[in-house]
Number of protein chains: 2
Amino acid sequence: MPAQTRDRILDTSLAAFGLRGYDSTSLDELASDLGITKQAILYHFSSKEHLLNATIDLAVKELGSALGGASKSQSRGFQRIEDLVRATFSLAARRPEVLGLVRLVSRQGGAASGELASAMSVMLGEAVRFVEAEMAAGRFRRLEPRMLLLAVYSAVIGVATEPEVMRALGLEPDLRSLVKARRETIEFLRAALIAD
Amino acid sequence: MPAQTRDRILDTSLAAFGLRGYDSTSLDELASDLGITKQAILYHFSSKEHLLNATIDLAVKELGSALGGASKSQSRGFQRIEDLVRATFSLAARRPEVLGLVRLVSRQGGAASGELASAMSVMLGEAVRFVEAEMAAGRFRRLEPRMLLLAVYSAVIGVATEPEVMRALGLEPDLRSLVKARRETIEFLRAALIAD
DNA sequence: CAGATAACTTACCAAATGGTAAGTCTATGT
DNA sequence: ACATAGACTTACCATTTGGTAAGTTATCTG
């Protein structure tokens, strides 16, 4: 099993980068978490930046497979939005580090963000067309589609990945609250989107 | 003018911490930006962590004065939400680092987050009561107030501080787009909140 | 069995980092 | 005139960081 270590490294670094940040994570830390030496990491990934790139690739893949099903579903109208939000919350509960990394990269924007940016562009492009079609069909309220999506994206990602704000609101960020948050987010979006 | 350097340090570190993160900002960098030595910083703030604390204090103050007016305004119903969103966008355009730091701290949650957390708790507490009153008066749609606020907070902060996502949507994060984003965010919230 | 290759580890290293100690320079109060 | 205190700077320092070089071990191949 030669390629197993490589996968373990990627997994651990995805968690570390996604939850604590790039600069806050040292290769030595990653290595000792994995019970190997730092040089083993540098054997598989020639530099920390390359490791980040590979980690982003993994996150993009996981994001795609988590949201791909919902995004390509045949459901129409608000049901499709609901499917997407459910898939996002499910990912946030299962692997919060993936969304954390997405947010990290989309903020920093470094040289490595190209791939993620283009992957997101594709997904967002599809989403824009979908929303426009629903608006044209009169099923969604008429709003600027891209701004609408930005607001929806922000609301979902924020709710799913800001545990401290939940605490400030007096809500424990446990599974039960997350389920409640999901339901409320969906109701919120339904209210905002459904044309009367 | 003895206390001037201290203020300049705080100002620069607020920008650096808020836009690039705590670990990604070194004292040497801050110092050379300011044209002083690192030890001058450590003279005013005995450690990097103390500097962070003082920086958070400043951010809390700026946040308070930027949103305080809108939050204590006498306006009722949706107008008050609109005032708040406008104030937030104005802050995001003028001093994005303040919101950046708020988000950074609210995510990391470190030992220093106490003050900010409590300040936010107060503001959010007021907001919850306001929303509940509006719902009781039948002016706002009935949703879970805290979850609603979390979604609103996330949407506004996200739209105001995620330039990369805007780029992925094909929108330049310049002032004009920000104005558009503000208008659309308000319309989005209006649609979500106003009871029919 | 020889040797090449993959998958590591041990040994280093230069630069950067947060922090300490001691000195300098200026203003102020006595 | 002089001590004192404030606001720094110059000189260091230990640790951490990302990265290189040179082994070591096991497996596979001719």
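So you know, we letter chains A, B, ... as the sequences are listed, proteins then strands, and number each from 1.
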Taking atom C1' of dG19(C) as reference, at what distance in whole Å does atom CG of Leu51(B) sit?
-> 14 Å

Using a cut-off of strictly less than 4.0 Å, decide whether Ser26(B) has a side-chain nitrogen or oxygen near OP1 or OP2 of dT17(C).
-> yes

Thr37(B) side chain N/O closer than 4.0 Å to the phosphate oxygens (OP1, OP2) of dC8(D)?
-> no

Figure out the CD/P separation between Gln4(A) and dA6(C), and round it to whole Å.
-> 19 Å

Same hydrophobic cluster for Met123(A) and Val128(A), using side-chain heavy-atom links shorter than 4.5 Å among ILVMFWY?
-> yes

Note: Arg20(B)-Glu29(B) ion pair, threshold 4.0 Å (strictly below) | yes

Spacing of Ile41(A) atom CD1 relative to dT17(D) atom P, expressed in whole Å = 12 Å

Quick one: Asp23(B) CG to dT17(D) C1', roughly how many Å, whole number?
-> 12 Å

Base dG18(C) to side chain Lys38(B), donor-acceptor N/O within 3.5 Å cut-off | yes

Identify, with sequence neighbours excluded, every residue that meets side-chain contact (heavy atoms from CB on, under 4.5 Å) alongside Val122(A).
-> Glu126(A)

Without hydrogens or angle criteria, can the side chains of Asp83(A) and Ser75(A) be said to hold a donor-acceptor pair below 3.5 Å?
-> yes

Whole-Å gap separating C1' (dA7(D)) and OH (Tyr43(B)) = 5 Å

Round to a whole Å and report the spacing from CD of Gln39(A) to C1' of dC13(C).
-> 12 Å

Would you say a side-chain N or O of His44(A) is under 4.0 Å from OP1 or OP2 of dA6(C)?
-> no

Could you check whether Leu42(A) gets within reach of a base, just the sugar-phosphate, or nothing at all, counting any heavy atom under 4.0 Å?
-> base

Do any side-chain nitrogens or oxygens of Ser46(B) fall under 4.0 Å of OP1 or OP2 in dG19(C)?
-> no

Measure the distance from CG on Leu27(B) to P on dT9(D) and round it to the nearest whole Å.
-> 14 Å

State whether Glu82(A) and Arg86(A) are salt-bridged, where the test is any N-O pair (Lys NZ or Arg NE/NH1/NH2 against Asp/Glu carboxylate O) under 4.0 Å.
-> yes

Take the protein atom CD1 of Ile36(B) and the nucleotide atom P of dT9(D), then report the distance between them rounded to whole Å.
-> 6 Å

